[in-house]
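Here is the structure we will look at.
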Amino acid sequence: LRYTGIRDRGVSALVKALPHLVELQVLNVSNNNIGDSGIVSLVQTLCQLSGLDAEQNPSADKRLTTVPHYNTTLRELYIGQNNEVTGAGLGKVAQIISALPALTSLDISGHWKTPAQLSDTAAMALAEALPRLPALDQLDLLFISMEPAGFQAVMQAAEEHPTLE
């Protein structure tokens, strides 16, 4: 879905389809016209904790219906370079992204025309998320600016990450 011109309205249709894409490994919605609400809704849906529902668990073992699990199939997520996304939206993404522990590639770049400013709080949230993304080996933060404290926190977390290059 890269370069398709998709907007928040299109993302809302995609969000409705995501629960049915149980083997989704790569999602690329970069370089579009998605805004904060669309990106946050998309990532929230991908990150939602869910329990096994009764249809998936026909057995009578009710313990299995309450065990939460994370999305363990999504490997690559490209949401960068959407010209309507701001630092505030990316900050919300940073707060929840750690619920995708299988990610190997993550692009949350700003747009070249409208670079995103991550607040210290948002940058700290990203720094805190990195250790909970153990498979991550690529993180794209093009066209993002940060205050010195937030930048330092992200850099330190990246340097300490076992697989991030």
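Just so you know, these numbers come straight off a predicted model, no measurement behind them.
- Between Ala129 and Ile97, the closest heavy-atom pair is CB-CG2, 3.7 Å.
- Using modelled atom types, one side-chain atom of Asn82 and one backbone atom of Asn32 make a donor-acceptor pair closer than 3.5 Å.
- Through direct or relayed side-chain contacts under 4.5 Å between Ile, Leu, Val, Met, Phe, Trp and Tyr, Tyr78 connects to Val26.
- The two atoms that bring Ala99 and Cys47 nearest to each other are CB-O, 3.3 Å, heavy atoms only.
- When the side-chain hydrogen bond (donor to acceptor under 3.5 Å, both in side chains) test is applied to Gln152, no partner is found at least two apart in sequence or on another chain.
- Heavy-atom minimum distance, Ala153 versus Ala127: O-CB, 3.4 Å.
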Listed pairs under 3.5 Å, donor-acceptor, residues 133-149 side chains, sequence neighbours left out:
from: Gln138; atom 1: NE2; to: Asp140; atom 2: OD2; distance (Å): 2.9
from: Ser145; atom 1: OG; to: Gln117; atom 2: OE1; distance (Å): 2.5
from: Glu147; atom 1: OE2; to: Gln117; atom 2: NE2; distance (Å): 3.3

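- Cluster annotation: Ile108 and Ile6 are assigned to the same hydrophobic cluster (Ile/Leu/Val/Met/Phe/Trp/Tyr, side-chain heavy-atom contacts under 4.5 Å, transitive).
- Linking ILVMFWY side-chain heavy atoms closer than 4.5 Å, directly or via other members, places Phe151 and Met124 in two distinct hydrophobic clusters.
- Of all the heavy atoms in Gly150 and Ala123, the pair that sits closest is CA-CB, 3.5 Å.
- Shortest non-hydrogen contact noted between Leu18 and Thr45 is CD1-CG2, 3.9 Å.
- Annotation for Lys16 and His20: closest pair O-CD2, 3.7 Å, computed over non-hydrogen atoms.
- By the 4.5 Å heavy-atom criterion applied to side chains, Leu90 and Val85 are counted as neighbours.
- Atom CE in Met155 sits 11.0 Å away from atom CG in Leu130 (nearest 0.5 Å).
- Rounding to the nearest 0.5 Å places CG of Leu27 at 13.0 Å from CZ of Arg2.
- Residues passing the side chain to side chain contact (heavy atoms under 4.5 Å, CB included) test with Arg7 are Asn33, sequence neighbours excluded.
- The same ILVMFWY cluster, assembled from side-chain heavy atoms under 4.5 Å apart, contains both Leu21 and Val29.
- Here the CG-OG1 distance, from Leu118 to Thr86, works out to 9.5 Å after rounding to the nearest 0.5 Å.
- To the nearest 0.5 Å, the span separating OG on Ser12 from CG on Leu42 amounts to 11.0 Å.
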Show me the donor-acceptor pairs within less than 3.5 Å that the side chains of residues 100-107 make with the rest of the protein, sequence neighbours left out.
from: Thr104; atom 1: OG1; to: Arg75; atom 2: O; distance (Å): 3.1
from: Asp107; atom 1: OD1; to: Ser109; atom 2: N; distance (Å): 2.8
from: Asp107; atom 1: OD1; to: Ser109; atom 2: OG; distance (Å): 2.7

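- Side-chain contact between Asp36 and Lys92: absent, with no pair of heavy atoms (C-beta onward) separated by less than 4.5 Å.
- Using a distance-only test at 3.5 Å, with no hydrogens or angles considered, no donor-acceptor pair links the side chain of Asn83 to the main chain of His111.
- Under the rule for a side-chain hydrogen bond (donor to acceptor under 3.5 Å, both in side chains), Ser41 has no partner lying at least two apart in sequence or in another chain.
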